[in-house]
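Scroll down for the structure; my scribbles are underneath it.
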Amino acid sequence: MADPRILIIGDSYMSADVFRSAFTRRGLDADAVTMTVAQPTWDATAISEYEGDPAEVARLAQGYEIVAFHAAPFTAEVIAGLPDLRLLGCARGGPVNIDLEAARSRGIRVTTTPGKNAEAVADLTIGFLISLVRNVPASVRDVDDRVADGRPLAESTFEGARWFGREIGGLRLGLVGYGNVARLVAARALALGATVAAYDPYVDPSSAADVEIVTDLNDLLAASDVVSVHARATADNRHIIGAREIARMPQGSFLINTARESLVDEQAMLGALRSGHLSGIALDVNEPDGPWRELVAQPNLLLTPHLAGATYETLARGADMLASEIQAHLGGHPLRWER
């Protein structure tokens with residue numbers, strides 16, 4: 001019997017070469033293509049966060065039993081037109097660009113790469129933490145303003161008096177959610193001397209030796225110098241950090257969100273920054289219809305364009321995770337991350 005045909009579909013974020021390197025190391029032979037970045041000509045309303053045209057994907061994947069990809073759209077129509085398909089490997093935490101019901105109804109296995117970016121997100125979160133408590137956002141903007149006005153920099157050794165901040169040792173960090181990313185953030189913060197507590201109703205308090213698991217979100221907020229949000233977004237926790245929650249945080253505290261934009265009320269954040277209740281905020285996500293124009297105008301706000309998981313290591317890890325899943329599938333073994 002001939003070996004199953006494997007196809008790699010690269011995109012603008014995760015190239016075919018990244019997949020190919022991981023597959024080659026594991027001895028997997030695969031064809032590789034790169035999607036055209038184009039507007040869809042087929043309906044793709046049942047999926048989200050995809051790149052490319054479903055019609056092109058249906059053409060590229062014809063005759064393949066296994067397809068590995070990152071952003072390609074696999075709608076019900078695409079899946080229905082691929083009778084040889086047996087496994088979809090999506091290099092993302094959640095298969096939002098796959099019609100799961102359609103895949104399952106046809107007996108097609110779906111696997112993903114949960115946690116592949118956890119190290120990267122944890123690194124950025126700690127970077128945000130240090131930047132906020134040391135007044136980096138406002139001080140950098142001040143330097144930019146001086147340069148634009150033609151004023152000299154560092155005229156005096158005493159200029160740092162304008163930017164007194166905090167050291168990490170002794171700070172109390174409160175984590176909202178205690179999953180993969182939050183646990184890595186906690187380990188990094190503890191190594192720097194911070195005290196760490198977390199709120200997560202799904203975590204056994206006895207499972208975290210060095211981190212205090214708090215059973216009431218309000219208690220966590222009230223006792224934290226810095227609050228970092230790491231909860232998984234659901235329909236039930238939209239704006240889990242809203243105006244009332246922010247008001248419970250200590251005067252002059254800091255807020256970080258490297259998770260999902262829906263978890264924090266940005267209008268409430270803006271008000272807290274303007275009033276001085278919060279000394280600084282760092283965001284890697286923002287609501288498209290939120291007050292982001294007003295937020296970016298605040299000197300003590302740090303906003304990055306959803307780059308927390310954007311590292312070369314994350315890409316390589318995701319490709320290797322899929323390669324290992326394909327090996328398991330070919331060997332008739334259970335898939336570790338099957339959906």
Side-chain angles (χ1 to χ4, degrees), residues 124-149 151 153 156 158-176 185 189 192 194-197 199 214 216-231 238-287 289-305:
L124 187 69
T125 302
I126 293 298
F128 278 174
L129 169 63
I130 295 171
S131 294
L132 287 179
V133 301
R134 294 303 305 272
N135 290 312
V136 170
S139 62
V140 168
R141 292 198 190 202
D142 182 71
V143 169
D144 289 341
D145 291 342
R146 288 187 180 207
V147 171
D149 294 342
R151 289 178 287 151
L153 302 177
S156 166
F158 301 107
E159 286 190 17
R162 297 178 57 200
W163 308 111
F164 274 103
R166 299 282 304 277
E167 296 178 0
I168 306 302
L171 281 179
R172 183 173 173 90
L173 173 63
L175 304 173
V176 180
V185 171
L192 292 171
T195 300
V196 183
Y199 166 78
V214 179
D216 189 297
L217 175 60
N218 291 326
D219 291 342
L220 178 85
L221 298 173
S224 298
D225 300 304
V226 182
V227 172
S228 189
V229 181
H230 299 283
R238 175 174 170 77
H239 290 178
I240 188 174
I241 305 297
R244 286 181 297 180
E245 288 74 24
I246 290 174
R248 294 183 182 277
M249 295 172 61
Q251 177 77 23
S253 54
F254 302 89
L255 178 62
I256 298 170
N257 184 13
T258 54
R260 290 294 180 181
E261 66 277 2
S262 63
L263 296 170
V264 181
D265 183 341
E266 292 180 359
Q267 196 65 53
M269 283 194 302
L270 178 61
L273 276 179
R274 285 174 167 170
S275 70
H277 181 70
L278 291 181
S279 287
I281 293 174
L283 307 172
D284 187 53
V285 289
N286 69 281
E287 295 182 295
D289 57 351
W292 54 269
R293 290 179 179 85
E294 294 87 348
L295 280 168
V296 297
Q298 307 306 308
N300 47 354
L301 177 107
L302 178 56
L303 175 63
T304 53

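We use all heavy atoms of the structure for the numbers below, so side chains are in, but hydrogens, waters and symmetry mates are not. For this chain, numbers begin at 1 and follow the sequence in order.
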Distance in Å, Met269 CE paired with Leu283 CG, rounded so as to fall on 0.5 Å steps
4.5 Å
Out of curiosity, Asp219 CG to Tyr199 OH, how far, rounded to the nearest 0.5 Å?
10.5 Å
Residues two or more places apart in sequence or in another chain: which of them pass side-chain hydrogen bond (donor to acceptor under 3.5 Å, both in side chains) with Asp145?
none
The residue among Val176, Ile240, Val285, Leu255 that forms side-chain contact (heavy atoms from CB on, under 4.5 Å) with Val264 is Leu255
Please enumerate all residues that pass side-chain hydrogen bond (donor to acceptor under 3.5 Å, both in side chains) together with Ser224, with sequence neighbours excluded.
none
Within a radius of less than 6.0 Å around CZ of Arg172, do more than 12 heavy atoms belonging to other residues, nucleotides or ligands occur?
yes
Listed by chain and number, what are the side-chain hydrogen bond (donor to acceptor under 3.5 Å, both in side chains) partners of Arg274, not counting sequence neighbours?
none
To the nearest 0.5 Å, what is the distance between OG1 on Thr125 and CG on Leu173?
9.0 Å
Who pairs with Arg248 by side-chain hydrogen bond (donor to acceptor under 3.5 Å, both in side chains), at least two apart in sequence or on another chain?
Asn218
Using 0.5 Å steps for rounding, measure from the CD1 atom of Ile246 to the NE2 atom of His239.
10.0 Å
The reported gap from CG in Asn286 to CG in Leu295 (rounded to nearest 0.5 angstrom) is 8.0 Å
Please check if atom CZ in Arg244 has more than 12 non-hydrogen atoms from other residues, nucleotides or ligands closer than 6.0 Å.
no
Pairs satisfying salt bridge (Lys or Arg N to Asp or Glu O under 4.0 Å), at least one member in residues 158-169, at least two apart
Asp142-Arg162, Arg146-Glu159
Per side-chain contact (heavy atoms from CB on, under 4.5 Å), Phe254 is matched among Leu278, Val226, Val227, Leu171 by Val226
Output all residues satisfying side chain to side chain contact (heavy atoms under 4.5 Å, CB included) with Arg238, sequence neighbours left out; order by chain, then residue number.
Ser262, Glu287
Would you give the length of the straight line joining atom CD1 of Ile241 to atom CG of Leu217, rounded to the nearest 0.5 angstrom?
5.0 Å
